[in-house]
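Residue numbers run from 1 in the order of the sequence given.
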Amino acid sequence: MTVPERWKDGLESDTPPAPYATDGSDFQGAVRYHYRNALKKFLKYFPVFLLLWVQIFFTKIGYLLPVAIVGMLGTVFTLVLLYGRLSSTHKCSKIFRTYPLEFRTPVEKIGMESTHTLYFRLGDQKGTPFTLRAKDVLGRRRWPVGIVDGVWFAGDEPFGGAMIVPGGGELLLLQPRDWREREEDRNTAGPERVEKAKRAGIHRPTRLS
């Protein structure tokens, strides 16, 4: 389900300024921060769920079984979240090491799905503009503040890429909204661009989690 047009410009996060440079000069700082943040979020909940789970093996009190089940499910869920966040951050890091960061403006908001997937178009696209889809690597569920003013983008639009939002420093992993419809663009991109996309790990579609 796509968020109504009247909402798409108002749903913005209130993320405080990033503790690293967001002017395109420090992608390593952005990557380190997101790795640490993912681990902090994990360690905030994982020990609690793990304790709820393992207590049943020590207490052996039958009526605590529902609590143990909640703990088990929570433990698995937090592990899955951690893997997704670390994996997405690693993918962004690989893209940043392969492509230079370029400032792109303006950013046209298209919409946001209930799955918290953002759809937008980057300014200065070569050829016919097309829509990109993206997700915040830490799972933030709103538009980054000021995203329409421009972002630092690394990648190749027909294949995808990653970007850093100035100010809040949000890290987003992205790819074309309609992967199959951009097949011709990728096929005619030339061997150099295709090889570069392979090095960056964006030559095939990936699940944006």
Taking 4.0 angstrom as the limit, do Arg186 and Glu183 come out as a salt bridge?
yes
Distance alone, cut at 3.5 Å: any donor-acceptor contact between the side chains of Ser93 and Arg97?
yes
Single-linkage hydrophobic cluster Met72~Leu82, side-chain heavy atoms < 4.5 angstrom
yes
Over 12 non-hydrogen atoms of neighbours within 6.0 angstrom of CZ in Arg199
yes
In the single-linkage hydrophobic clustering (I, L, V, M, F, W, Y; side-chain heavy atoms under 4.5 Å), do Leu51 and Leu65 co-cluster?
no
With side chains defined as the heavy atoms from C-beta onward, is the minimum distance between Lys41 and Arg85 less than 4.5 Å?
yes
Applying side-chain contact (heavy atoms from CB on, under 4.5 Å) to Leu122 and Val107, what does each step give before you reach the verdict?
CA-CA 5 Å; Leu122 292 175; Val107 174; 4.0 Å; yes
Euclidean distance, Thr89 OG1 relative to Leu138 CG, rounded to 0.5 Å:
6.0 Å
Under 4.5 Å between any side-chain heavy atoms of Asp178 and Phe130, yes or no?
no
Please report the shortest heavy-atom distance between Lys94 and Gly201, naming the atom on each side.
CE-N, 4.3 Å
To the nearest 0.5 angstrom, please state how far the CZ atom of Arg177 sits from the CZ atom of Arg121.
9.0 Å
Determine whether the side chains of Glu113 and Tyr119 contain a donor N or O and an acceptor N or O closer than 3.5 Å.
yes
Counting only heavy atoms not in Phe103, do more than 12 sit closer than 6.0 Å to its CZ atom?
yes
Are Leu50 and Tyr83 connected in a single hydrophobic cluster, I mean Ile/Leu/Val/Met/Phe/Trp/Tyr linked by side-chain heavy atoms less than 4.5 Å apart?
no
Tell me whether Phe42 at atom CZ has more than 12 heavy atoms from other residues, nucleotides or ligands lying less than 6.0 Å away.
yes
Over all atoms of both residues, closest heavy-atom pair of Ile147 and Val165:
CA-CG1, 4.3 Å
Under 4.5 Å between side-chain heavy atoms, hopping through other hydrophobics if needed: is there a path connecting Val70 to Leu81?
no
Please report the interatomic distance CZ(Phe77) to OH(Tyr45), rounded to the nearest 0.5 Å.
10.5 Å
Over all atoms of both residues, closest heavy-atom pair of Phe96 and Leu171
CE1-CD1, 3.4 Å
If we only count heavy atoms from C-beta on, is the Leu64 to Gln55 side-chain gap below 4.5 Å?
yes
dist Thr117:OG1 -> Met112:CE (nearest 0.5 Å) comes out at 9.5 Å
Nearest 0.5 Å, what's the CG-CG distance between Leu174 and Leu118?
10.0 Å
Measure across Thr78 and Phe46 and return the closest heavy-atom pair with its distance rounded to 0.1 Å.
OG1-CD1, 3.5 Å
Decide yes or no for Thr98 and Lys196: does some side-chain heavy atom of the first lie under 4.5 Å from some side-chain heavy atom of the second?
yes
Quick one: do Trp143 and Val148 satisfy side-chain contact (heavy atoms from CB on, under 4.5 Å)? Show the steps, please.
CA-CA 10 Å; Trp143 287 100; Val148 295; over 6 Å; no
So Tyr35 and Val31, do their side chains get closer than 4.5 Å, heavy atoms only?
yes
Those residues that, when tested against Asp185, pass salt bridge (Lys or Arg N to Asp or Glu O under 4.0 Å) (two or more places apart)
Arg182
Can you find a heavy atom in the side chain of Ile164 that is under 4.5 Å from one in the side chain of Cys92?
no
For Arg133, salt bridge (Lys or Arg N to Asp or Glu O under 4.0 Å) partners two or more places apart
none
In one Ile/Leu/Val/Met/Phe/Trp/Tyr side-chain cluster, 4.5 Å: Phe49, Val80:
no
Looking only at heavy atoms, what is the nearest atom pair of Leu101 and Ala154, with distance?
CD2-CB, 3.9 Å
Apply side-chain contact (heavy atoms from CB on, under 4.5 Å) to the pair Tyr20 and Gln28, showing each step before the final yes or no.
CA-CA 9 Å; Tyr20 51 86; Gln28 293 179 338; over 6 Å; no
For Lys109 and Phe120, which heavy atoms make the closest approach, and how far apart are they?
CA-CB, 4.3 Å
Say you draw a straight line from CD of Glu170 to NE2 of His34; how long is it, rounded to the nearest 0.5 Å?
7.0 Å
